[in-house]
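Side chains included, hydrogens not; waters and symmetry mates left out as well; all remaining heavy atoms used. Convention: sequence-line order gives letters A, B, ...; per-chain numbering from 1. Keep in mind it's a predicted model, so treat the numbers as computed, not measured.
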Amino acid sequence: MMRTHRGGELRAEHEGTDVVVCGWVANRRDHGGVIFFDLRDSGGVVQVVVDPVRPGLDLGHRVRGEWVLRVQGTVRPRPEGTVNVDMPTGAIEVAADAIEVLSESEPVPFPLDDRTEVDENLRLRHRYLDLRRDPMQRNLRLRASVNRAVRAAMDEQGFCEVETPMLIASTPEGARDFVVPSRLKPGHFYALPQSPQLFKQLLMVGGFDRYYQLARCLRDEDLRADRQFEFIQLDLEMSFADQDDVLDAVTRAVVAAAAAARPGEEVGTVPRITWHDAMERYGSDKPDIRFGMELVDLTDALAATEFRAFHGVDAVKGIRVAGAGDASRSTVDGLVDRAKQLGAAGLVWMRVRDVDGRIDVESPVAKFLADDERAAIVATLQAEPGDLVLIAAGPRRATCQILGQLRLDLGRPPVSEGLAFCWVVDFPLFEALGDDGRPIPAHHPFTMPHPDDLDRIDTDPLSVRSQAYDLVLNGWELGSGSVRIHRPDVQQRIFSLLGIEPEEAHAKFGFLLDAFRFGAPPHAGFAFGLDRIVAIFAGEENIREVIAFPKTQSGGDPLTGAPSVVGPQQLVELGLRVLPPKT
RNA sequence: GGUCCUGUGGUGCAGUUUGGAGUGCACGCCGCCCUGUCAAGGCGGAGGCCGCGGGUUCAAAUCCCGUCAGGACCGCCA
């Protein structure tokens with residue numbers, strides 16, 4: 001037997017026990033007459049005491065950081081006054097009787113303690129060392145417990161886990177596909193799945209009325225702090241289910257995940273907000289509802305104003321920054337610049353003041369506003385002396401989004417603080433009209449329109465809501481889903497509206513449309529990103545911190561050197577020829 | 001495709017604004033000393049293509065141009 005215990009799990013109750021522990025030397029303190037090692041294993045760190053004059057133990061002087069040791073010894077209480085209350089194992093130590101060096105180590109290229117912020121490129125090049133560090137150990141173990149909780153929650157609700165293929169046909173919709181050349185059919189390619197979307201709908205037709213999968217998804221788009229080429233989604237689909245059923249099932253899964261990751265932190269009921277309200281109140285379709293500072297509509301209050309910037313515009317909206325009335329001129333000028341950079345024509349700021357018992361505002365534009373208009377602004381925003389008020393005017397959507405961004409700039413807490421899930425429902429079916437006048441789907445073309453809006457689909461498509469919904473946590477979009485169209489006639493209407501000819505539809509999605517001819521159940525589904533939810537649970541701003549072997553922003557892996565060139569023979573076999581680089 | 005930030009012994013930083021000898025701090029590494037430390041301590045030592053290339057200059061870590069790498073963001077991500 002290699003070991004009897006994990007050293008990091010030894011406690012006072014083990015006193016007197018003969019143990020064998022294995023691990024890495026996290027630190028050594030060689031006093032000459034006595035040597036201490038901090039031995040690290042997956043359970044934590046335990047102190048090993050070595051008396052180097054004992055036979056066989058003089059090698060203790062030679063031992064260095066990150067050597068792998070097997071230590072046989074006795075667990076004993078630490079002497080009076082040497083207990084370390086900061087360590088879980090601090091009450092005891094392992095008195096070594098024998099030490100076996102299992103593996104030596106060169107000096108490591110960066111410290112493995114968690115006090116030092118190490119260059120990320122260096123961390124990734126030696127990810128196997130980085131993984132030894134406490135934050136990575138914690139994050140990946142947290143991730144595993146989230147996976148476990150999610151699976152348990154899905155199993156409990158009667159979902160059946162089904163794997164779907166990684167090598168599939170490319171469809172031109174959506175993100176850029178990763179493609180894989182076919183050897184047996186040169187000139188033909190597989191695509192790696194952007195999501196199991198079509199397969200899970202086929203599973204519904206196939207009678208698996210509750211499917212889920214921790215699905216690996218791949219999209220060849222530029223990387224970000226919250227986006228990698230490949231990522232994991234909890235993907236699910238339900239037959240004979242409506243939007244409420246899906247929201248309920250997903251809520252149970254994320255609440256279970258939160259309970260596993262953040263025990264003792266109450267998630268509560270997950271609120272629902274319509275897309276329209278999210279845009280109006282937060283200026284975003286992924287509202288961070290952990291804090292207030294909501295957008296307030298001032299259009300009506302200023303309907304009669306003669307102030308040019310507010311006159312005759314689509315919308316005037318404001319936010320109240322509580323207590324920021326003492327912001328310096330350079331600070332507010334910075335906010336104006338920020339707003340302009342975001343596309344605003346300008347930004348009006350007002351310091352709310354108490355003038356002889358009367359609340360009024362101090363602002364460069366105060367003189368252009370009537371007394372009752374200034375009063376209306378203060379009243380509508382419920383502003384108080386000492387507050388700063390920011391007002392933007394212009395096209396409604398843009399104005400909301402600009403103020404929404406300022407709201408985040410000014411008030412957003414660190415992402416790790418608190419857990420505020422919310423559902424955003426009633427998304428518009430179409431995002432906008434394309435250059436050809438055709439509506440552009442906001443989700444995907446299988447999304448069921450809202451039944452109340454169906455009659456406007458031809459006359460006023462942009463006003464049509466869909467049965468699509470997003471899940472948001474602390475202002476991060478975790479995922480989205482929808483009720484699907486399962487009736488060929490409705491699907492045909494949507495396709496023709498989008499300008500997709502029957503032949504084209506058949507070429508792209510023929511297998512799904514065929515399947516729907518043979519008794520397709522009504523179904524709905526969802527998918528949310530595990531990397532993102534785990535990152536937030538872990539208090540990380542960056543999903544690379546919860547992925548064992550992530551890619552850099554330029555899509556490379558400094559550890560393995562991917563992507564790399566392949567040999568000519570490999571290309572020949574695949575029927576490929578590489579073009580010379582563009583000059 | 002674009003904007004911005006960063007790149008200095010093994011590591012983390014300062015130095016760059018205002019050009020003047022590779023100058024400094026902390027950690028690590030090597031050697032010696034040391035019996036209760038836990039970021040051990042003391043003494044001594046080694047270690048540099050200032051990312052790379054070009055330019056300006058009497059002189060460049062420092063200014064300019066380009067390039068590479070990492071990061072943040074825009075575009076992109078149905």
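In this entry the distance linking CZ of A/F528 with C1' of B/C77 reads 19 Å, nearest Å. In this structure, CG of A/D226 is placed 15 Å from P of B/C76, rounded to the nearest angstrom. In this structure, A/D557 atom CG and B/G70 atom C1' are separated by 14 Å, rounded to whole Å. Rounded to whole Å, atom C1' of B/C5 lies 12 Å from atom CD of A/Q553. The separation between A/R64 atom CZ and B/C27 atom P is 18 Å, rounded to whole Å. We find that CG of A/D113 is positioned 11 Å from P of B/A39, with the value rounded to whole Å.
Between the side chain of A/R227 and the base of B/C77, at least one donor-acceptor pair of N or O atoms lies under 3.5 Å. Counting atom types as modelled, A/R78 pairs a side-chain N or O with a base atom of B/C38 as donor and acceptor under 3.5 Å. Side-chain atoms of A/R123 and base atoms of B/G71 include no donor and acceptor less than 3.5 Å apart. For a distance-only test at 3.5 Å, the side chain of A/E93 qualifies as a donor-acceptor partner of the base of B/G36.
Within the structure, every side-chain polar atom (N or O) of A/R224 is placed at least 4.0 Å from both OP1 and OP2 of B/C76. OP1 and OP2 of B/C77 both lie 4.0 Å or more from every side-chain N or O belonging to A/Q194. For B/C73, the OP1/OP2 oxygens have no side-chain nitrogen or oxygen of A/R338 closer than 4.0 Å.
Pairing for B/U3 goes to B/A72, judged as Watson-Crick or G-U wobble with the two contacts each under 3.5 Å. If you check B/C58 for Watson-Crick or wobble pairing at under 3.5 angstrom, you find it paired to B/G20. Across all strands shown, B/C25 pairs with B/G12; the Watson-Crick or G-U wobble distances both stay below 3.5 Å. In this entry B/U67 has B/G51 as its Watson-Crick or G-U wobble partner, both defining distances falling under 3.5 Å.
B/A72 and B/G9 are spaced 23 Å apart, taking the P atom of each and rounding to whole Å. Look at the C1' atom in both B/C74 and B/C29: the space between them is 44 Å, to the nearest Å. B/U62 and B/U17: their C1' atoms are spaced 10 Å apart (whole Å). Taking the P atom of each, B/U35 and B/U8 are spaced 41 Å apart, rounded to whole Å. A distance of about 26 Å separates the P atoms of B/C68 and B/C77, rounded to the whole Å. Between B/A46 and B/C27, the two C1' atoms lie 16 Å apart (nearest whole Å). Here, B/A21 and B/A61 have their P atoms 9 Å apart, quoted to the whole Å. Rounded to the nearest Å, the gap between the P atom of B/C63 and that of B/C50 is 16 Å.
Comment: A/D30 does not engage A/R28 in a salt bridge, judged by the lack of any side-chain N to carboxylate O separation of less than 4.0 angstrom. Between A/K508 and A/E501 there is no salt bridge, since no side-chain nitrogen of the basic residue lies less than 4.0 Å from a carboxylate oxygen of the acidic one. Taking a cutoff of 4.0 Å between a charged side-chain nitrogen and a carboxylate oxygen, A/D337 and A/K340 do not qualify as a salt bridge. Note on A/D557 versus A/R127: no salt bridge recorded, every NZ/NE/NH1/NH2 to OD/OE distance being 4.0 Å or above. Between A/R465 and A/D453 a salt bridge is recorded (basic side-chain N to carboxylate O distance below 4.0 Å).
Separation of the A/F526 and A/W423 ring centroids falls under the 6.0 Å cut-off.
In summary, the side chains of A/Q401 and A/Q405 do not present any donor paired with an acceptor at a separation below 3.5 Å, with no hydrogens or angles considered. For the 3.5 Å distance criterion, the side chains of A/Q553 and A/R544 fail to qualify, holding no donor opposite an acceptor. Under 3.5 Å, the side chains of A/T164 and A/Q213 contain a donor-acceptor pair of N or O atoms.
Checked against B/G1, B/G36, B/C77, the side chain of A/D222 finds its nearest nucleotide in B/G1. Counting only heavy atoms from C-beta on, A/N542 has its side chain closest to B/G71 among B/G71, B/C30, B/C77.
Residue A/S554 is classed as a sugar-phosphate contact, given heavy-atom separations below 4.0 Å to backbone atoms only. Nucleic acid contact for A/T552: sugar-phosphate only, since backbone atoms but no base atoms lie under 4.0 Å from a heavy atom of the residue. When heavy atoms are screened at a 4.0 angstrom cut-off, A/R76 is found touching base atoms of the nucleic acid. Counting non-hydrogen atoms under 4.0 angstrom, A/D30 reaches a base of the nucleic acid.
Place A/P441 and A/G555 on RNA chain B by their nearest nucleotides, and A/G555 ends up nearer the 5' end. Sequence order on RNA chain B of the closest nucleotides to A/E120 and A/S195 puts A/E120 first from the 5' end.
At least one side-chain heavy atom of A/Q491 sits less than 4.5 Å from a side-chain heavy atom of A/F446.
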Under 3.5 Å between N/O atoms: give me all the protein pairs with nucleotides 6-11 of chain B, atom names plus distance.
from	atom 1	to	atom 2	distance (Å)
B/G10	O2'	A/P109	O	2.9

